[in-house]
Enquirer: 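What follows is a single structure, and I will ask about it in a moment.
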Amino acid sequence: MKILVTGGAGFIGSNVTRKLLERGDSVVCVDEFNDYYSPKIKELNVAQFEKDLNYKLYRGTITD
């Protein structure tokens with residue numbers, strides 16, 4: 001199944017993404033990497049998925 005995770009680079013979103021990928025889903029992540037939650041931490045959160053072919057990251061908001 002293909003699933004959209006908004007805020008996917010944050011704490012909750014990245015953990016949800018990890019679980020979805022582990023069960024075999026394709027994940028599209030959208031996150032604007034604002035400074036409400038440290039962008040450096042968000043970068044570390046998504047780094048674990050960058051080589052997964054079932055993962056796609058879009059930097060921006062869902063209104064873009």
Side-chain angles (χ1 to χ4, degrees):
M1 183 181 303
K2 186 177 251 185
I3 300 172
L4 171 66
V5 177
T6 59
F11 176 76
I12 294 171
S14 62
N15 281 288
V16 168
T17 296
R18 182 175 42 81
K19 288 292 187 183
L20 292 169
L21 291 170
E22 285 174 357
R23 76 176 198 179
D25 294 310
S26 294
V27 176
V28 175
C29 169
V30 177
D31 200 297
E32 64 178 330
F33 287 80
N34 63 26
D35 61 358
Y36 178 78
Y37 183 80
S38 171
K40 289 181 182 180
I41 294 174
K42 287 183 175 189
E43 293 290 347
L44 291 172
N45 288 345
V46 298
Q48 62 185 312
F49 311 126
E50 64 186 18
K51 294 185 182 193
D52 194 315
L53 298 176
N54 289 318
Y55 177 77
K56 177 68 180 166
L57 172 65
Y58 290 97
R59 293 169 186 269
T61 69
I62 60 171
T63 60
D64 287 344

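Only heavy atoms go into these numbers, but all of them, side chains included; no hydrogens, no water, no symmetry mates.
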Enquirer: Can you see which heavy atom on Phe49 is nearest to which on Ser14, and at what distance?
Expert: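 Taking Phe49 first and Ser14 second, the nearest heavy atoms are CZ-O, 3.3 Å.
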Enquirer: Is any side-chain heavy atom of Lys56 less than 4.5 Å from a side-chain heavy atom of Val27?
Expert: no
Enquirer: So do the side chains of Arg59 and Glu32 get within less than 4.5 Å of each other, counting heavy atoms only?
Expert: no
Enquirer: Going hydrophobic residue to hydrophobic residue with side-chain gaps under 4.5 angstrom, can you get from Ile41 over to Val16?
Expert: yes
Enquirer: Should Asp25 and Lys2 be marked as a side-chain contact (heavy atoms from CB on, under 4.5 Å) after you check the CA-CA gap, both sets of side-chain angles, and the distance that decides it?
Expert: CA-CA 6 Å; Asp25 294 310; Lys2 186 177 251 185; over 6 Å; no
Enquirer: What heavy-atom pair brings Thr61 and Val30 nearest, and what distance separates the two atoms?
Expert: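 What the structure gives for the nearest pair is C-CG1, 3.9 Å.
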Enquirer: Using modelled atom types and a 3.5 Å cut-off, is there a donor and acceptor pairing between side-chain atoms of Asn34 and backbone atoms of Tyr36?
Expert: yes
Enquirer: Going by ring-ring contact (aromatic ring centres under 6.0 Å, His included), name the residues that satisfy it together with Phe33, two or more places apart in sequence or in a different chain.
Expert: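 Result, ring-ring contact (aromatic ring centres under 6.0 Å, His included) vs Phe33: none returned.
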Enquirer: Which atom pairs, one a donor and one an acceptor, fall under 3.5 Å between side chains of residues 3-12 and the rest of the protein, sequence neighbours left out?
Expert:
none

Enquirer: CG of Asp52 to CD of Glu22: how many Å apart, nearest 0.5 Å?
Expert: 10.0 Å
Enquirer: With clusters defined by side-chain heavy atoms of hydrophobic residues (ILVMFWY) lying less than 4.5 Å apart, directly or transitively, does Tyr37 cluster with Tyr58?
Expert: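 No, separate clusters.
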Enquirer: So does Asp31 pair up with Lys42, basic N to acidic O under 4.0 Å?
Expert: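 A salt bridge is present here (some side-chain N lies under 4.0 Å from a carboxylate O).
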Enquirer: Just so I know, are the side chains of Tyr55 and Glu50 near enough to count as touching, which here means a heavy-atom distance under 4.5 Å?
Expert: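 No, their side chains stay 4.5 Å or more apart.
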